[in-house]
Protein chains: 2
Amino acid sequence: MKEFLKTKGFKMTPQRELIFRSFFEMGKHVSVEELYDKVHQKDRSIGYSTVWRNLKVICKVGLAEEVNLGDGVTRYDRVTREPHGHLFCQNCKRLIEFDIHAVLPYLVETGEEKNFRADSFKIEITGLCEDCQAMENKKNERLH
Amino acid sequence: MKEFLKTKGFKMTPQRELIFRSFFEMGKHVSVEELYDKVHQKDRSIGYSTVWRNLKVICKVGLAEEVNLGDGVTRYDRVTREPHGHLFCQNCKRLIEFDIHAVLPYLVETGEEKNFRADSFKIEITGLCEDCQAMENKKNERLH
DNA sequence: TTGCAATTGAATATCGTTTTCAATTGGCCG
DNA sequence: CGGCCAATTGAAAACGATATTCAATTGCAA
Ligand SMILES: [Mn+2]
Ligand SMILES: [Mn+2]
Ligand SMILES: [Zn+2]
Ligand SMILES: [Zn+2]
């Protein structure tokens, strides 16, 4: 990792090491605050801006991407070889991923048709996840 | 329009009338600030918060939807019968629409598979529009 | 070891969004 | 036609996530 960062023009530091490690441990779709909480538990001296900056670094070196869902909080998603879409539960904010191989060619073609140079594709389905639907049903039952 | 608003529990006011009219005149993908500028030209007394609130009203009554592209500015898009996706130029912020009939069934199916109750579908392609590519090329030529 | 750019933490700035509050007004009812 | 009251308005302030500033520290190449 240190070597990898060097090729990208970044130094390794203890703070960066902990932040990177924590990010990759936490799995997908992490917000600055969530990562800060985790990192801060392990090292109370690490500041919020350092966590924020290092998430940007993780993106700059191509290991993650920002995900914006319009709820005012940017999440950071590990980059995987497989492009995917997101099901976003408006209630619990959970993100469920799904494969988009089937539709990607169509989107690529659409971009080409309009002479658009596409950098990235985003597919999001907003709604209510299975669990939150169940909770909603229970709540409605109680009203009878 | 006044009657329509009444059925939704809203009153008509001169400010609202002007804001609604201006919004529909401006076409698609309007930000609060853009609409405020336009409205403010016609009536210097109308405040920013009134414009903001009325855009929310336009959404509440189902005539528009918020569009979030991760650039920190919410845009308001007239609701049309036809679902569509967006090509978003990162340089000039222009939005180009495209039809998504072909991929919608796949997304609906995906939601069902995961027992997800889908409210809305969002498809965005980020990149550089034709004009901005041309500008970029010109700039690069000049460097030789 | 030295020099210097990169990094860090705290504080502060930014900026679009949202709320507060007092004053005004639309529209229903008598 | 008034009177009433909830809805609406405009200005100002609050919010909150993101981003920057700055002085101090540190990684690391030479
Ligand atoms: Mn993801
Ligand atoms: Mn649109
Ligand atoms: Zn949920
Ligand atoms: Zn452009």
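Not measured: the values here are computed from a predicted model. Convention: sequence-line order gives letters A, B, ...; per-chain numbering from 1.
A:W52 places its CH2 atom 12 Å from the C1' atom of C:dT14, with the value rounded to the nearest Å. Put simply, CG on A:D43 is 12 Å from C1' on C:dG9, counting in whole angstrom units. In this structure, B:E3 atom CD and C:dG26 atom C1' are separated by 13 Å, rounded to whole Å. In this structure, A:M12 atom CE and C:dA5 atom C1' are separated by 17 Å, rounded to whole Å. Regarding A:K6, its NZ atom lies at a distance of 19 Å from the P atom of C:dA5, rounded to whole Å. In this structure, B:E33 atom CD and C:dT18 atom P are separated by 15 Å, rounded to whole Å. Atom CG in B:D71 sits about 10 Å away from atom P in C:dG16, given to the nearest Å. We find that CG of A:L18 is positioned 10 Å from P of C:dG9, with the value rounded to whole Å.
Remark: the backbone N or O of B:I46 is not paired with any side-chain donor or acceptor of B:T50 at under 3.5 angstrom. Between the side chain of A:N68 and the main chain of A:G70, no donor-acceptor pair closer than 3.5 Å is present.
Annotation: of the two residues near DNA chain D, B:R16 and B:S49, the 5′-most nearest-nucleotide partner is B:R16. Checking A:T50 against B:P14, the closest nucleotide of DNA chain C that is more toward the 5' end is the one next to A:T50.
Contact check, B:K56 against C:dT18: a side-chain N or O comes under 4.0 Å of OP1 or OP2. Contact annotation: B:K2 side-chain N/O to C:dG26 OP1/OP2 distance is not under 4.0 Å.
Applying the 3.5 Å distance criterion, the base of C:dT20 shares a donor-acceptor pair with the side chain of B:R53.
Contact annotation for B:N54: backbone-only contact, meaning every heavy-atom pair under 4.0 Å involves sugar-phosphate atoms and none involves a base. Residue contacts shown for A:S45 are limited to sugar-phosphate atoms, with no base heavy atom under 4.0 Å away.
Applying the salt bridge (charged side-chain N to carboxylate O under 4.0 Å, His left out) criterion to A:K28, with sequence neighbours excluded, gives A:E97.
Put simply, the side chain of B:L63 does not reach to within 4.5 Å of the side chain of B:V79, judged on heavy atoms.
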Working note: A:V103 + A:F121, criterion side chain to side chain contact (heavy atoms under 4.5 Å, CB included); need CA distance, chi angles, decisive distance, verdict. CA-CA 11 Å; A:V103 302; A:F121 302 89; over 6 Å; no

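Taking 4.0 Å as the cutoff to heavy atoms of chain A, we find the contact window on DNA chain D bounded by D:dA17 to D:dA29.
One finds no salt bridge joining A:E34 and A:K38 here, because no Lys/Arg side-chain nitrogen approaches an Asp/Glu carboxylate oxygen to under 4.0 Å. The pair B:E25-B:R78 does not meet the salt-bridge criterion, since no charged nitrogen lies less than 4.0 angstrom from a carboxylate oxygen.
Ranking C:dA6, C:dT18, C:dG9 by closeness to the A:K11 side chain, first place goes to C:dA6.
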